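Input: a single structure, listed below in structure tokens.
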Amino acid sequence: MAGGPVRKAKRAGGGSQYPIQGMEFLKSKGQHILKNPLIVDSIVQKAGIKSTDVVLEIGPGTGNLTVKLLQVAKKVIAVEVDPRMVFELQRRVQGSSHASHLQVIQGDILKTELPYFDICVANIPYQISSPITFKLLSHRPIFRCAIIMFQREFAMRLVAKPGDSLYCRLSANAQLLSRVDHLLKVGKNNFRPPPKVDSSVVRIEPRNPLPPVNFKEWDGLVRLCFSRKNKTLGAIFRQKNVVALVEKNYKTYQALQGALGSSASTDNGATDLSMMADAGSGRGGGDAEEGGGGQGMDVDMDGGDMDMDDDGDEVTKGPVNKYKEMGLAVLREGSFEDKRSSKLSQDDFLRLLASFNARGIHFAN
Ligand SMILES: C[S@@+](CC[C@H](N)C(=O)[O-])C[C@H]1O[C@@H](n2cnc3c(N)ncnc32)[C@H](O)[C@@H]1O
């Protein structure tokens, strides 16, 4: 932090009692300044920045990380939403030998078209962790890696493996697109003001090439499977709303094929990343237990009585329902009926998606 006396300002508008130079930190913008220089050094060192690298920093704040990045990188592009922080950062770097290597973009990172960069290093506002992660992962050209500070629980969800208690839709989506490693635990007291939660630094390395899968399809299936992550897939695909979704998507797909001819056949040759900002979002990726699969909930069944399962989810009963049987047949074929999403690997999901698609069952809409 730049020198000078620290003046206490009045609290207002969700500001904290930790003013610097009279500037209040805003909770609403996730302003928790990394005050421990050892952690700052460790992040920069673990990033493995080369002297030729362009570094993207999200939310530079008052510049504690920025000034260290400038010492090792060719250029730092810092995107900061708060004009007071932009002013403070520019004031701090002004006149230094690195000033010409810093480009500051004032704006919301989620609305900013990202420039070219080799590495992203950031202590981000935690409330936008998921959209930032997937915005980065959809950025092209592909960057080398991102070293990012997240809320500890979000970080643990990102790196969770099948069978871990935190394994969820966020883990499956992030790990489809990248390799994610936990680097460093960071306690609350390393920040000013201290946040309520602990933090962790994670390394995200985009997969290159990406697996040949349509990401909308992938996310549609994964979302469904994690809608009740401790239920068997068999139980999920017996649920009324899921059977209705299978029916709706099947009919939509058939109609599309009819309209477009065979050129509308399975579109899974490439990873379509157009909706990634929403992939795994919601309460730090913790939305996995909510909802019943999203779309298609209001579609009526044409046949079959309804009953409830042990969790109170409506399931189809009585006369055979064609769409329920179609879904179950795919599950049985790959021995997935008694499995739970909490234990399924990337390969399992890919295999399951391919089997559904082969039967004309899609999840992209
Ligand atoms: C956790 S602080 C980190 C500050 C600094 N990098 C550090 O480590 O000390 C997050 C920073 O992100 C900024 N910020 C919040 N929302 C943002 C957004 N949507 N786009 C860009 N910056 C944002 C905040 O103003 C704040 O400066």
Side-chain angles (χ1 to χ4, degrees), residues 30 32 34-49 53 55-59 64-65 68-69 117-139 142-191 194-208 210-211 222 226 229 276 279-288 341-347 349:
H32 298 279
L34 193 47
K35 68 170 190 190
N36 183 342
L38 295 177
I39 304 279
V40 174
D41 286 346
S42 177
I43 291 173
V44 174
Q45 183 250 321
K46 284 176 189 294
I49 297 165
D53 281 340
V55 176
L56 172 70
E57 188 187 0
I58 301 165
N64 289 356
L65 196 47
K68 298 281 181 178
L69 293 171
F117 63 94
D118 299 293
I119 292 195
C120 174
V121 181
N123 171 21
I124 62 168
Y126 294 157
Q127 54 267 52
I128 52 174
S129 297
S130 190
I132 285 183
T133 301
F134 289 97
K135 178 163 180 147
L136 289 174
L137 286 174
S138 60
H139 178 68
I142 272 178
F143 51 94
R144 198 156 80 243
C145 68
I147 308 294
I148 303 186
M149 178 92 70
F150 290 111
Q151 178 175 339
R152 174 85 44 83
E153 177 160 340
F154 186 90
M156 298 322 278
R157 285 179 187 275
L158 276 179
V159 302
K161 298 288 180 220
D164 293 351
S165 61
L166 289 176
Y167 185 62
C168 62
R169 176 179 162 225
L170 174 71
S171 334
N173 280 338
Q175 291 170 36
L176 175 78
L177 304 169
S178 62
R179 198 188 132 156
V180 198
D181 293 302
H182 185 275
L183 292 183
L184 189 68
K185 288 184 174 178
V186 184
K188 303 169 190 161
N189 291 330
N190 294 293
F191 300 89
K196 289 204 175 83
V197 293
D198 283 324
S199 303
S200 275
V201 179
V202 162
R203 181 177 196 277
I204 300 175
E205 185 182 330
R207 290 197 192 282
N208 191 12
L210 288 168
V222 168
F226 277 105
K229 91 172 186 177
M276 279 209 311
S281 60
R283 287 194 289 111
D287 62 339
S341 57
S342 54
K343 301 248 165 69
L344 295 190
S345 67
Q346 300 280 311
D347 282 351
F349 281 120

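Remember, it's a predicted structure, so these values are computed and weren't measured experimentally.
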Checking the side chain of [X] only, and the main-chain atoms of [Y] only, is there a donor and an acceptor separated by less than 3.5 Å?
X: Gln175; Y: Ala160; answer: yes
X: Ser42; Y: Leu38; answer: no
X: Ser171; Y: Arg157; answer: yes
X: Tyr126; Y: Met149; answer: no
X: Glu57; Y: Cys120; answer: no
X: Asp118; Y: Arg144; answer: no
X: Gln346; Y: Leu176; answer: yes

For residues [X] and [Y], report the shortest heavy-atom separation together with the two atoms involved.
X: Leu158; Y: Phe150; answer: CD1-CE1, 3.5 Å
X: Gly48; Y: Ile119; answer: O-CD1, 4.2 Å
X: Val202; Y: Ala155; answer: CG2-CB, 3.5 Å
X: Tyr167; Y: Ala172; answer: OH-CB, 4.2 Å
X: Gly30; Y: Gln127; answer: N-NE2, 3.4 Å

Could you check whether any side-chain heavy atom of [X] comes within less than 4.5 Å of a side-chain heavy atom of [Y], counting everything from C-beta outward?
X: Val201; Y: Ile148; result: no
X: Gln151; Y: Val197; result: yes
X: Asn189; Y: Asn36; result: no

Hey, could you give me the [atom1]/[atom2] distance between [X] and [Y], rounded to the nearest 0.5 Å?
X: Leu136; Y: Leu56; atom1: CG; atom2: CG; value: 7.0 Å
X: Asp41; Y: Leu65; atom1: CG; atom2: CG; value: 10.0 Å
X: Cys145; Y: Lys46; atom1: SG; atom2: NZ; value: 12.5 Å
X: Asn190; Y: Ile39; atom1: CG; atom2: CD1; value: 4.5 Å
X: Leu177; Y: Ile204; atom1: CG; atom2: CD1; value: 10.5 Å
X: Phe134; Y: Asn173; atom1: CZ; atom2: CG; value: 5.0 Å

Does Ile43 form a side chain to side chain contact (heavy atoms under 4.5 Å, CB included) with Ile147? I'd like the steps, not just the answer.
CA-CA 7 Å; Ile43 291 173; Ile147 308 294; 4.0 Å; yes
Assess whether side chain to side chain contact (heavy atoms under 4.5 Å, CB included) is satisfied between Val180 and Arg203, documenting all intermediate values.
CA-CA 6 Å; Val180 198; Arg203 181 177 196 277; over 6 Å; no
So His139 and Phe117, would you call those rings parallel, tilted or perpendicular, with 30° and 60° as cut-offs?
parallel
Output, in order, the C-alpha distance, side-chain angles, deciding distance and verdict of side chain to side chain contact (heavy atoms under 4.5 Å, CB included) for Ser199 and Arg152.
CA-CA 4 Å; Ser199 303; Arg152 174 85 44 83; 5.7 Å; no
Could you go through residues 181-188 and list every donor-acceptor pair under 3.5 Å that involves a side-chain atom there, pairing it with any protein atom two or more places apart or in another chain?
from   : atom 1 : to     : atom 2 : distance (Å)
Asp181 : OD2    : Arg179 : NE     : 3.2
Asp181 : OD2    : Arg179 : NH2    : 3.3
His182 : NE2    : Ser200 : OG     : 2.7
Lys188 : NZ     : Lys196 : O      : 3.4

